[in-house]
Visitor: 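This structure is in structure tokens; I'll ask about it shortly.
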Amino acid sequence: MPYDPQAIEPKWQKRWAAEKVAEVDVSRADQKYYMLNMFPYPSGDLHVGHGRNYILGDALYRFLRMKGLAALNPMGWDAFGLPAENAAIKRGIHPGEWTRSNIAREKEQFRRWGILYDWSKEIASCDPAYYRWNQWLFLEMFRRDLAYRAKAPVNWCPSCHTVLANEQVVDGRCERCGTVVIQRDLEQWFFRITRFADRLDSGLDSLEHWPEKVKTMQRNWIGRSFGADVQFEVPSLGRPITVFTTRPDTIYGATFMVLAPEHPDVPALIESAADGEEIRGWIEKVRNQTNLERQSEAAGKEGRFTGQSAINPFTRESIPIWLGNFVLPQYGTGAIMSVPAHDQRDFEFARQFGIPLRVVVQPFGEMLDADAMTEAFTEAGQAVNSEMIDGKPTQAAKEAMIGEVERRKIGKRMVRYRLRDWLISRQRYWGTPIPIIFCDGCGTVPVPEEQLPVELPLDVPFTGKEGNPLARTPSFVNVECPKCGAPARRETDTMDTFVDSSWYYARFISAHDSQKIFESSLVNRWLPVDQYIGGIEHAILHLLYARFICRVLYDMKLVDFEEPFTRLFNQGMITKEGYRDPDTNAWVPLDEVQWRDGAPYHGQDQRQLVAEVGKMSKSRFNVVPPDELIARYGADTERVYTLFIAPPEKEAAWSDDGVIGAFRFLNRVWAQGEQILTLQSELEDPDAKKMIRKSHQTIAAVTQKMERFEFNTAISSLMELSNSIGEYLSAGGTSRKNSSETFLAMLKLLHPFAPHITEELWSRFGGQGMIVKASWPLADQSLTAEDVLTIVVQVNGKLRAQLALDAGVTEEQAVAEAKAHARVLPYTEGKELVKTIYVPGKLVNLVVR
RNA sequence: GCGAAAGUGGCGGAACUGGUAGACGCGCUGGACUUAGGAUCCAGUGGCCCAAAGCCGUGGGGGUUCGAGUCCCCCCUUUCGCACCA
């Protein structure tokens, strides 16, 4: 009977589901292990790249449960978001309908991959039973002043017609669609994540099992810096301007001040300037630039002199106040003291506008010449020309200056962060309605808890025009004020979908609780998540928000931990070669590529294409859908191949040819099973010793590799074991006892990777119950040791011979054998032996002269 | 520019604390069995050399060591992150 995955796989998928194999009773289980793949956005088309992510999670899950842990592996849907709404605009389908049909398709895809999830805990963020708790959380945060509404310059994506959080702007562009983001002054809802900046930063130190890279990215994003706020008097203004500096030790070198063009004192400062009109025009130009334009232009630095000056509080000198496009209004105080000798940006600005510089820090034992400097000296050194701190090293000088600033009451020690509050409102329909009502009399009124959820109305116009469809739905907008009963307006913004995903991992524990967000006692037992798996693209976004909200829940005493994810694993992408037309830059669908002499051509004018490797995406026409693959080879082949091609954290290039290797391997395993079933002898066979030893070595190796996520080499170890079984059988081995024991151990080890074929073979061998419930094998240490060792003989470190010696060999014997070996003698004869190195059981190195 | 990671056969990749470089697989070559093969099985497959012996070989150059893919220094390349955050 040949290996027929088409027949086997659906059968076992049904049985796992029927027996609810993956269901965990969270109120009972001990030895808990909570593992979680980031829940997906149900876009409807999963490709093999997505598959890798879930397959590796499933392999780990099956391993953990065989090891005897109460492993929980739930799944849900990050189901709110723009693509659903865009589908509604384009095709007239309601976003909910589109989303639900995609969920059904993806769920079916998971089943076909043979992935076991505890579906009894399934959640979808677009379900009112879920998002009412978003609203509840919002109200709790509103009450605690962690959610607030404010007018601020915000990022606006003209293509998505909505505002974006800073985290969703990458290189000045919308993270979703790539459109250049513009700045708008709008009144929006924010979460006060900045209040947690310090805790979010310090907490990273406790995350031992997170990739260093992710922690670094978060640290950079939070951007904690230590320094001081210092006031500089401005006589013409009649009030001081405060600057933030991380180098208070250089204050004696501050020869000018620069303000952001947006700084609130600017209008007053330039009021009487002779060239005021020109300056105002310039400010207007800078303000209207996108951040992207401003950044690229500011690389060259532009500035205007206000005509006013400030007083350096330490030198008492009058220093000019400039405006500069490189000073950011949102960071610090939007004003800086400029120390051109010790800050590269200030240096460039000063040289460009002919402002003098003064050296106030020197490398030890060296004299800097202000006129000869070609770049700023920004490192630590020794303070000079700085009166009270002269001679002090930088660190001590900083401390002394902060002390002095505070003593004189002209400023204070300050820690500042790059992180800014999380803008959570979106002018889109398909998201959680923000539970707020605006009343002319009562102001901003929270929706009373008993009125939750504020449900999304289904009958709304999807026009695709700017403006939220909810705002054009009078039955939604027009409400009574919950406080005074007067006619009032409902907030029509919805929440950023990252709010939904910032706490979903806790909801799985109480997925159906209609009374509260979750049962704290259970959540405290099951969380933090022991192993979280997902893409690196969430290094900042989702993972930062989740860490933030977890701390909010902690402060609300709903959970007793601050970090939601103990271990984090970022899987690598699967890439595939695609073809691009070099003239038009267009990607060419694979089935339109024409081959001539091994070179790809395309189109009527037969332009030669270039091959490029990249992320699978529909726009590249290089997506490998799992359907065909599964129809041809089965899901087990896809699973084995996907985990075999590369270490799971690395990017991996898909190869259609490579798949065949995995398929052959499974076929071989199948055929070996068939052959073993025909064997008769129930006796021990001494010739089986080698195979048995290999099986115990493989148990030890695979167990270790599973724990380290080294799935690719775990599979290669299993291939070696299968080759060993093949050798035994083809050499005429007859012991059914020995071969089936080995084979069944191999099936268990293979089960996490190829669950269906192993179930089938297990049952054909009369295994007890299902293999998915079997226990992980243990290696017998007494059987793993080799009885003949290969000892390498080197002369002066060069390999010259190999010795096959009994395991019990002594050093003397090994060295004597090595010296006497015919291959070795030519290199040692007539030479003086100066040293002998012996590595027990491995190597003899004869050092001669 | 700054920071991090990585460079190993034709390809994907192995090599634990320095100890036989290239496991495992793809591809390729030859053979067997076949009406046929994108099936299966056997053998081979880093380079130089007909072969053996030998020599060379882990991006390049130096170094430490009996011994270096692995440790140290310099350089090159690629990928990723940050990029005026005062």
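Since this is a predicted model, take the numbers as computed values, not measurements. By convention in this document, chain letters (A, B, ...) are assigned in the order of the sequence lines, proteins followed by strands, and residues within each chain are numbered from 1.
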Visitor: Is any side-chain N of the basic residue among A/Arg416 and A/Asp229 closer than 4.0 Å to the acidic one's carboxylate O?
Guide: yes
Visitor: Out of B/U40, B/C82, B/A86, which has the shortest distance to the side chain of A/Arg664?
Guide: B/U40
Visitor: For the pair made of CG in A/Asp171 and C1' in B/C80, what is the distance, rounded to whole Å?
Guide: 12 Å
Visitor: Using atom types as modelled and distance alone, determine if a side-chain donor or acceptor of A/Ser386 lies under 3.5 Å from a backbone N or O of A/Tyr252.
Guide: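 A pair under 3.5 Å: no.
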Visitor: What is the distance from NE2 of A/His342 to C1' of B/A86, rounded to the nearest Å?
Guide: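 Rounding to the nearest Å, NE2 of A/His342 and C1' of B/A86 are 15 Å apart.
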Visitor: When all nucleic acid strands are considered with a 4.0 Å heavy-atom cut-off, which category describes A/Arg219: base, sugar-phosphate, or nothing?
Guide: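 No contact.
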Visitor: Apply the syn/anti split at 90° from 0 to B/G54 and say which one it is.
Guide: anti
Visitor: Students often get this wrong, so: under 4.0 angstrom with heavy atoms, is A/Asn723 touching a base, only sugar-phosphate, or nothing?
Guide: sugar-phosphate
Visitor: For the rings on A/Phe256 and A/Phe349, is their centre-to-centre separation under 6.0 Å?
Guide: yes
Visitor: Can you measure A/Trp670 atom CH2 to B/U40 atom P for me and round it to whole angstrom units?
Guide: 16 Å
Visitor: B/G7 and B/A21: how far apart are their C1' atoms, nearest whole angstrom?
Guide: 16 Å
Visitor: Between A/Arg547 and A/Gln218, is there a side-chain donor-acceptor contact under 3.5 Å, judged purely by atom types and distance?
Guide: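 Judged by distance alone, the side chains do pair up.
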Visitor: Keeping A/Thr637 on the side-chain end and A/Ala662 on the backbone end, is there a donor-acceptor pair under 3.5 Å?
Guide: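 No; zero donor-acceptor contacts below 3.5 Å.
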Visitor: Mind checking A/Ser655 for me? I need base, sugar-phosphate or nothing, with any heavy atom below 4.0 Å counting as a touch.
Guide: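 The answer is nothing, as A/Ser655 stays clear of every strand by at least 4.0 Å.
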Visitor: With sequence neighbours left out, what residues match A/Trp670 under side chain to side chain donor-acceptor pair (under 3.5 Å)?
Guide: none
Visitor: Round to the nearest Å and state the distance from A/Phe326 atom CZ to B/A83 atom P.
Guide: 17 Å
Visitor: Return the 5'-most residue of the pair A/Ile540, A/Asp657 with respect to RNA chain B, ranking by each residue's nearest nucleotide.
Guide: A/Asp657
Visitor: Could you check if a side-chain atom of A/Thr306 sits within less than 4.5 angstrom of a side-chain atom of A/Val266, using non-hydrogen atoms only?
Guide: no
Visitor: What pattern of brackets, bars and dots sums up RNA chain B from 5' to 3', given Watson-Crick or G-U wobble pairs under 3.5 Å, [ ] for crossing pairs and | for another strand?
Guide: (((((((..(((......[....)))((((((.......))))))(((.....)))..(((((..]....))))))))))))....
Visitor: Taking atom C1' of B/C24 as reference, at what distance in whole Å does atom CZ of A/Phe711 sit?
Guide: 17 Å
Visitor: Mind calculating the distance between CZ (A/Phe256) and C1' (B/A86) to the nearest angstrom?
Guide: 11 Å
Visitor: Of the options B/G25, B/G81, B/A86, whose atoms approach the side-chain atoms of A/Val327 most closely?
Guide: B/A86
Visitor: For nucleotides B/G62 and B/G54, find the distance between their P atoms and express it as a whole number of Å.
Guide: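 The answer is 26 Å between these two P atoms.
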Visitor: Is A/Thr836 near enough to B/C66 that one of its side-chain N or O atoms lies under 4.0 angstrom from OP1 or OP2?
Guide: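 Answer no for this pair, as no side-chain N or O of A/Thr836 is under 4.0 Å from OP1 or OP2.
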Visitor: What does the list of N/O pairs under 3.5 Å between the protein and nucleotides 68-70 of chain B look like, with a distance for each?
Guide:
none

Visitor: Just by distance, no angles: are the side chains of A/Thr698 and A/Glu720 close enough, under 3.5 Å, to form a donor-acceptor pair?
Guide: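 No - no donor-acceptor pair under 3.5 Å links their side chains.
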Visitor: Please list, for nucleotides 52-55 of chain B, all pairs of protein and nucleotide N/O atoms separated by less than 3.5 Å.
Guide:
unit_1: B/G54; atom_1: OP1; unit_2: A/Tyr827; atom_2: OH; d: 3.3
unit_1: B/C55; atom_1: OP1; unit_2: A/Arg800; atom_2: NH2; d: 3.4
unit_1: B/C55; atom_1: OP2; unit_2: A/Arg800; atom_2: NH1; d: 3.4

Visitor: Rounded to whole angstrom units, what separation is found between the CG atom of A/Leu750 and the P atom of B/C24?
Guide: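 Interatomic distance, CG of A/Leu750 to P of B/C24: 17 Å.
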Visitor: Does B/A83 have OP1 or OP2 sitting under 4.0 Å from an N or O in the side chain of A/Arg294?
Guide: no
Visitor: For A/Thr246, report the nucleic acid contact type (base, sugar-phosphate, nothing); a contact means any heavy atom under 4.0 Å.
Guide: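 Touches sugar-phosphate only.
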Visitor: Which value, in whole Å, describes the distance between the C1' atoms of nucleotides B/G57 and B/U20?
Guide: 15 Å
Visitor: Using 4.0 Å as the upper bound for N to carboxylate O, is an ion pair formed by A/Arg219 and A/Asp205?
Guide: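 A salt bridge is present here (some side-chain N lies under 4.0 Å from a carboxylate O).
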Visitor: Which part of the nucleic acid does A/Ile660 contact within heavy-atom distance under 4.0 Å: base, sugar-phosphate only, or nothing?
Guide: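 Sugar-phosphate contact only.
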Visitor: Using residues 838-849 of chain A as the side-chain source, report each donor-acceptor pair under 3.5 Å to any protein atom, sequence neighbours left out, with the distance given to one decimal.
Guide:
unit_1: A/Tyr838; atom_1: OH; unit_2: A/Gly841; atom_2: N; d: 3.3
unit_1: A/Asn845; atom_1: OD1; unit_2: A/Asn796; atom_2: N; d: 3.4
unit_1: A/Asn845; atom_1: OD1; unit_2: A/Gly797; atom_2: N; d: 3.0

Visitor: Does A/Arg418 count as lying over the ring of A/Trp221, i.e. NZ or CZ under 6.0 Å from the six-ring centre, within 45 degrees of the axis?
Guide: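 Cation-pi check for A/Arg418 and A/Trp221: passes.
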Visitor: Mind checking the P distance from B/U70 to B/G61? Whole angstroms is fine.
Guide: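 Those two atoms are separated by 13 Å.
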Visitor: Do we get A/Arg800 above A/Tyr827's six-membered ring, with its NZ or CZ under 6.0 Å from the centre and within 45° of the axis?
Guide: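 Output yes; distance and angle both within limits.
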Visitor: Just by protein heavy atoms under 4.0 Å, how would nucleotides 4-22 of chain B read 5' to 3' in B, S and -?
Guide: --------BSS-B--BB--
Visitor: Taking the C1' atom of each, how far is B/U58 from B/G22, in whole Å?
Guide: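 One C1' to the other, the span is 9 Å.
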Visitor: Under the criterion side-chain contact (heavy atoms from CB on, under 4.5 Å), which of A/Asn712, A/Ile574, A/Val659 is the partner of A/Thr642?
Guide: A/Ile574
Visitor: What is the distance, to the nearest angstrom, from the CD atom on A/Glu212 to the C1' atom on B/G81?
Guide: 14 Å
Visitor: By nearest nucleotide on RNA chain B, pick out whichever of A/Val847 and A/Gly332 is the more 5' one.
Guide: A/Val847
Visitor: Taking the six-membered ring for Trp, are the ring centroids of A/Phe663 and A/Phe665 within less than 6.0 Å of each other?
Guide: no
Visitor: If you measure from the C1' atom in B/C24 to the same atom in B/A14, how many Å do you get, rounded?
Guide: 7 Å
Visitor: Please measure how far the P atom in B/U40 lies from the corresponding atom in B/G18, and state the result in whole Å.
Guide: 42 Å
Visitor: For A/Ala376, does its backbone N or O pair with a side-chain atom of A/Gln344 as donor and acceptor, under 3.5 Å?
Guide: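 Yes; judged by distance alone, with no hydrogens or angles, the pair exists.
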Visitor: Do the side-chain N and O atoms of A/Glu262 and A/Gln330 include a donor-acceptor pair separated by under 3.5 angstrom?
Guide: no
Visitor: Taking atom P in both B/C56 and B/G69, compute the distance separating them and give it to the nearest angstrom.
Guide: 13 Å
